[in-house]
J.: 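Sharing a structure here in structure tokens format.
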There are 2 protein chains.
Amino acid sequence: MQTTSSSVEEEIFRVRKLEISDKNKGFIELLQKLTVCDSVSHERFQERFQELAKYGDDHLVCVIEDDKSGKIVATGSVFIEKKFIRNCGKVGHIEDVVVDSSVRGKQLGKKIIGFLTDHARLTGCYKVILDCNIDNIPFYEKCGFKQKEVQMVKYFI
Amino acid sequence: MQTTSSSVEEEIFRVRKLEISDKNKGFIELLQKLTVCDSVSHERFQERFQELAKYGDDHLVCVIEDDKSGKIVATGSVFIEKKFIRNCGKVGHIEDVVVDSSVRGKQLGKKIIGFLTDHARLTGCYKVILDCNIDNIPFYEKCGFKQKEVQMVKYFI
């Protein structure tokens with residue numbers, strides 16, 4: 001007989017900043033579920049991690065670790081663009097949001113977006129933006145976003 | 001009688017990086033034609049200029065100066081986002097493109113986009129993206145861009 005453990009239901013799924021040890025907890029494998037993402041060597045990962053760390057609060061990658069499995073099950077990032085418009089204002093750009101299918105329905109996507117949005121607000125941004133697939137519009141509307149412009153892209157490879 | 005000077009037609013309209021002295025050449029006034037952009041004090045401008053300079057090639061603001069009037073008549077910016085996906089790839093984000101109406105029809109928008117796109121390519125980006133109004137899609141298509149996703153926004157003020 002299949003039982004549902006109440007402790008599973010009570011799992012906290014806390015959002016925290018990416019740590020260098022998350023490479024060994026399935027962080028890259030999670031990103032591979034989002035898009036083209038080759039395996040990354042430990043050295044390459046460390047190098048990029050340090051590069052991003054130099055930006056301080058201007059670049060944040062957050063994750064949710066599943067305490068039971070020790071795996072990273074959700075992630076997203078935001079970087080802060082400094083402008084001249086809006087009285088030298090700042091804009092948060094949310095990128096690379098993904099939640100593992102094994103934990104869908106637990107509102108982890110909403111938690112990630114909330115964390116990144118709060119970060120943008122607290123660092124003084126006048127707005128936060130993201131680009132998404134048309135299918136994900138209802139999810140972002142539930143997170144308080146509104147559809148505005150159209151994303152255009154040019155690939156070099 | 002109104003005459004058209006051939007020297008006007010031959011104006012070069014060279015794209016170059018933003019310089020700190022461009023504040024006195026109408027750079028902020030040009031941005032005001034794009035969106036909400038209050039007057040910026042000289043100190044605030046200098047501070048933001050220096051902040052952006054620290055990013056080196058990862059943040060570029062370019063301008064076109066009209067040699068005749070000494071005014072900045074076109075601008076645009078690109079910043080380079082460093083990711084973990086795509087084998088720790090990079091993406092160029094084009095922002096705040098505006099051409100003064102007095103010089104429209106001279107392909108200055110195309111020059112600005114070409115300059116920013118080249119910068120993204122030469123710094124190793126695998127793609128360059130931008131968000132635009134639906135009315136501007138044909139212009140960006142002429143610049144080699146394709147429509148892809150939808151921009152979502154949340155304002156804090």
Side-chain angles (χ1 to χ4, degrees), chain A residues 18 27-28 31-32 34-40 44-45 47-49 51-52 55 59 61 77 79 81-89 91 93-96 117 120-121 125-134 136-137 140-141 143-157, chain B residues 18 27-28 31-32 34-40 44-45 47-49 51-52 55 59 61 77 79 81-89 91 93-96 117 120-121 125-134 136-137 140-141 143-157:
Chain A
L18 178 73
F27 173 68
I28 296 294
L31 286 177
Q32 285 170 341
L34 175 70
T35 183
V36 178
C37 180
D38 305 316
S39 301
V40 176
R44 192 81 196 83
F45 182 84
E47 192 188 335
R48 175 56 34 105
F49 186 93
E51 276 178 299
L52 294 177
Y55 292 126
H59 197 291
V61 183
S77 71
F79 60 87
E81 179 208 359
K82 292 171 181 168
K83 289 179 174 282
F84 286 104
I85 63 165
R86 295 259 180 180
N87 197 22
C88 293
V91 171
H93 293 250
I94 291 178
E95 292 280 337
D96 302 339
T117 300
R121 192 172 43 80
C125 293
Y126 69 90
K127 70 175 179 181
V128 63
I129 61 173
L130 57 88
D131 293 322
C132 74
N133 190 285
I134 202 163
N136 291 328
I137 293 175
Y140 286 111
E141 283 178 341
C143 295
F145 284 73
K146 283 182 180 166
Q147 193 174 337
K148 197 172 176 205
E149 298 199 311
V150 173
Q151 186 211 44
M152 305 294 289
V153 60
K154 185 173 193 168
Y155 280 91
F156 299 124
I157 49 169
Chain B
L18 178 73
F27 173 66
I28 297 296
L31 287 176
Q32 284 170 342
L34 176 70
T35 183
V36 178
C37 182
D38 305 315
S39 301
V40 175
R44 191 82 196 82
F45 181 83
E47 192 188 335
R48 176 56 36 104
F49 186 92
E51 277 179 298
L52 295 176
Y55 293 126
H59 197 293
V61 183
S77 71
F79 60 87
E81 179 207 0
K82 291 171 181 169
K83 289 180 174 281
F84 287 104
I85 64 169
R86 294 262 180 175
N87 197 24
C88 293
V91 171
H93 294 249
I94 290 178
E95 293 279 337
D96 302 339
T117 301
R121 192 172 43 79
C125 292
Y126 69 90
K127 70 175 178 183
V128 63
I129 61 173
L130 58 88
D131 293 322
C132 73
N133 189 285
I134 202 163
N136 291 328
I137 293 174
Y140 286 111
E141 283 177 340
C143 295
F145 284 73
K146 283 184 179 166
Q147 193 174 338
K148 198 174 177 203
E149 297 198 313
V150 173
Q151 186 212 45
M152 306 294 289
V153 60
K154 185 174 193 167
Y155 280 90
F156 299 125
I157 48 170

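Each chain gets a letter, A, B and so on, in the order its sequence line appears, and its residues count up from 1. Since the structure is predicted, the reported quantities are computational estimates derived from the model, not experimental observations.
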J.: At a 4.5 Å cut-off on heavy atoms, which part of B:E51 comes close to chain A: side chain, backbone, both, or neither?
T.: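 When you check distances to chain A, only side chain atoms of B:E51 fall under 4.5 Å.
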
J.: Could you walk me through whether A:V128 and B:V153 pass the side chain to side chain contact (heavy atoms under 4.5 Å, CB included) test, one step at a time?
T.: CA-CA 6 Å; A:V128 63; B:V153 60; over 6 Å; no

J.: Is A:C125 in contact with chain B via its backbone, its side chain, both, or neither, using a 4.5 Å heavy-atom distance?
T.: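 Answer is both: backbone and side chain atoms of A:C125 are under 4.5 Å from chain B.
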
J.: Would B:F79 and A:F79 count as a close aromatic pair, with their ring centres under 6.0 Å?
T.: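 That pair passes the under 6.0 Å test.
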
J.: Counting heavy-atom pairs closer than 4.5 Å to chain B, which one of A:K83, A:E141, A:H93 comes out on top?
T.: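 Counting heavy-atom pairs under 4.5 Å, the top option is A:K83.
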
J.: With respect to chain A, which residue among B:I94, B:I134, B:T117 yields the maximal number of heavy-atom pairs within a distance under 4.5 Å?
T.: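 If we count pairs closer than 4.5 Å to chain A, B:T117 comes out on top.
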
J.: Please classify the contact between A:V91 and chain B as side chain, backbone, both or neither, with a heavy-atom cut-off of under 4.5 Å.
T.: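 No part of it gets close to chain B.
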
J.: Please classify the contact between A:F27 and chain B as side chain, backbone, both or neither, with a heavy-atom cut-off of under 4.5 Å.
T.: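 Contact with chain B involves the side chain of A:F27 alone.
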
J.: Taking all heavy atoms of A:E149 and all of B:C132, pick out the closest pair and write down the distance.
T.: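 Looking at all heavy atoms of both residues, the closest pair is CB-O, 3.2 Å.
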
J.: Please step through side chain to side chain contact (heavy atoms under 4.5 Å, CB included) for the pair B:K154 and A:K148, ending with a clear verdict.
T.: CA-CA 10 Å; B:K154 185 174 193 167; A:K148 197 172 176 205; over 6 Å; no

J.: Does the side chain to side chain contact (heavy atoms under 4.5 Å, CB included) test come out yes or no for A:I85 and B:D96, once each step is laid out?
T.: CA-CA 8 Å; A:I85 63 165; B:D96 302 339; 3.8 Å; yes

J.: Examine whether an atom of A:E81 lies under 4.5 Å from a heavy atom of chain B, and if so say whether it belongs to the side chain, the backbone or both; otherwise answer neither.
T.: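 Interface part for A:E81: side chain.
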
J.: Hey, is the main chain of A:F156 close enough, under 3.5 Å, to the side chain of B:R121 for a donor-acceptor pair?
T.: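 Judged by distance alone, no pair lies under 3.5 Å.
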
J.: Should B:L52 and A:K82 be marked as a side chain to side chain contact (heavy atoms under 4.5 Å, CB included) after you check the CA-CA gap, both sets of side-chain angles, and the distance that decides it?
T.: CA-CA 7 Å; B:L52 295 176; A:K82 292 171 181 168; 3.9 Å; yes

J.: What do the steps show when you test A:F49 against B:F84 for ring-ring contact (aromatic ring centres under 6.0 Å, His included), and what is the final call?
T.: CA-CA 9 Å; A:F49 186 93; B:F84 287 104; 7.2 Å; no

J.: Can you tell me how far apart SG (B:C88) and CD (A:E47) are? Round to the nearest 0.5 Å.
T.: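 Nearest 0.5 Å value for the SG-CD distance: 8.0 Å.
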
J.: Heavy-atom pairs under 4.5 Å with chain A - which of B:L130, B:I157, B:I137 has more of them than the others?
T.: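 Option with the greatest count: B:L130.
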
J.: Would you indicate whether the side-chain heavy atoms of B:D131 and A:D131 approach each other to under 4.5 Å?
T.: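 Of all side-chain heavy-atom pairs linking B:D131 with A:D131, at least one is under 4.5 Å.
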
J.: Can you say whether B:Y55 sits under 4.5 Å from chain A via the side chain, the backbone, both, or neither, judging by heavy atoms?
T.: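 For B:Y55, side-chain heavy atoms alone lie under 4.5 Å from chain A.
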
J.: Between B:R48 and A:G89 (side chain of the first, backbone of the second, donor and acceptor by atom type, cut-off under 3.5 Å), is there such a pair?
T.: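 Checking the backbone N and O of A:G89 against the side chain of B:R48, a donor-acceptor pair under 3.5 Å is found.
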
